Amino acid sequence: MKLTEFELKVLNKLKHVPRGRVTTYGALARSVGRPGAARAVGNALNKNPDAPITPCHRVVYSDGRLGGYAGGAEKKIGLLKGEGVGVKNGRIVDFKKIFYRF
DNA sequence: GCTCTGACGATTT
DNA sequence: GAAATCGCCAGAG
């Protein structure tokens, strides 16, 4: 699995996100030094070489909406709820409170 | 090197 | 508050 430096940095940063917390694509993009590259970040997560290791399910929209997931939206919701993250109508409950800032 | 695509984001109506 | 629009960056062909 060959990944670019950008993708590797994104995945690595994502691993630093603690359990029960969520982050956004934009914040993740900033953490790797590419503000505004939220889309590219999403593309990188989509490859998701190590699904269980990399908590890609903890990445959501800046609005607090879930966004997407390679394994399916339902799967993402289940994982989040399993960590204590409330999900209501495809939206994160208390998103601002559990938002992880790098 | 150009063009298209996509798990986004902020602005506007 | 919801929906539509435009702009954004990194890969793949």
Side-chain angles (χ1 to χ4, degrees):
Chain A
M1 197 61 189
K2 291 184 171 70
L3 294 174
T4 64
E5 293 299 322
F6 176 77
E7 294 171 329
L8 287 173
K9 277 192 280 188
V10 172
L11 295 172
N12 188 46
K13 289 282 181 183
L14 181 56
K15 288 177 187 171
H16 297 179
V17 180
R19 177 183 172 284
R21 289 290 193 76
V22 290
T23 186
T24 67
Y25 298 90
L28 201 47
R30 278 194 296 273
S31 69
V32 297
R34 286 293 177 285
R39 249 177 142 162
V41 171
N43 219 340
L45 292 183
N46 183 245
K47 303 188 177 180
N48 193 13
D50 31 27
I53 298 96
T54 307
C56 28
H57 57 276
R58 294 182 192 150
V59 189
V60 296
Y61 280 2
S62 62
D63 299 8
R65 285 182 292 180
L66 282 184
Y69 190 63
E74 297 299 325
K75 183 82 177 187
K76 186 170 184 176
I77 295 172
L79 288 168
L80 288 173
K81 285 195 173 187
E83 294 185 349
V85 179
V87 180
K88 189 71 176 179
N89 244 1
R91 251 206 86 261
I92 301 292
V93 181
D94 296 330
F95 162 66
K96 291 182 178 178
K97 295 179 182 178
I98 63 178
F99 174 71
Y100 179 75
R101 301 177 202 355
F102 290 95

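If you're wondering where the values come from, they're calculated on a predicted model, not measured in any experiment. Within every chain, numbering begins at 1; the chains are lettered A, B, ... in the order of the sequence lines, protein sequences first and strands thereafter.
A/Glu7 has its CD atom 12 Å from the C1' atom of C/dC9, to the nearest Å. Going from atom CZ of A/Arg39 over to atom P of C/dC6 covers 13 Å, rounded to whole Å. In this structure, A/Asp63 atom CG and C/dA4 atom P are separated by 15 Å, rounded to whole Å. A/Phe6 has its CZ atom 15 Å from the C1' atom of C/dA12, to the nearest Å.
By the 4.5 Å heavy-atom criterion applied to side chains, A/Phe99 and A/Thr23 are counted as neighbours. Looking at A/Ile92 and A/Val87, their side chains come closer than 4.5 Å, going by heavy atoms from C-beta outward. Side-chain contact check for A/Leu80 versus A/Lys76: some heavy-atom pair is nearer than 4.5 Å.
The distance from the CZ atom of A/Arg34 to the NZ atom of A/Lys9 is 6.0 Å, given to the nearest 0.5 Å. Interatomic distance, A/Lys47 NZ to A/Leu45 CG, rounded to the nearest 0.5 Å: 11.0 Å.
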For A/Arg65 and A/Val60, run side chain to side chain contact (heavy atoms under 4.5 Å, CB included): C-alpha distance rounded to whole Å, both residues' side-chain angles, the deciding distance at 0.1 Å, then the answer.
CA-CA 6 Å; A/Arg65 285 182 292 180; A/Val60 296; over 6 Å; no
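Nucleic acid contact class of A/Ala38 (heavy atoms, under 4.0 Å, all strands): sugar-phosphate only. Residue contacts shown for A/Gly67 are absent, as no nucleic acid heavy atom lies under 4.0 Å away. Using a 4.0 Å heavy-atom criterion, one finds that A/Tyr25 contacts the bases of the nucleic acid, with or without backbone contacts as well.
Counting 5' to 3', DNA chain B first comes under 4.0 angstrom of a heavy atom of chain A and last does so at the ends given by B/dG6 to B/dA10.
In the interface, the side chain of A/Arg34 is not paired with the base of C/dC9 through any donor and acceptor atom under 3.5 Å apart.
In terms of position on DNA chain B, the residue among A/Arg30 and A/Asn43 whose nearest nucleotide sits closer to the 5' end is A/Asn43.
Put simply, A/Lys2 has no side-chain N or O that comes within less than 4.0 Å of OP1 or OP2 on C/dG11.
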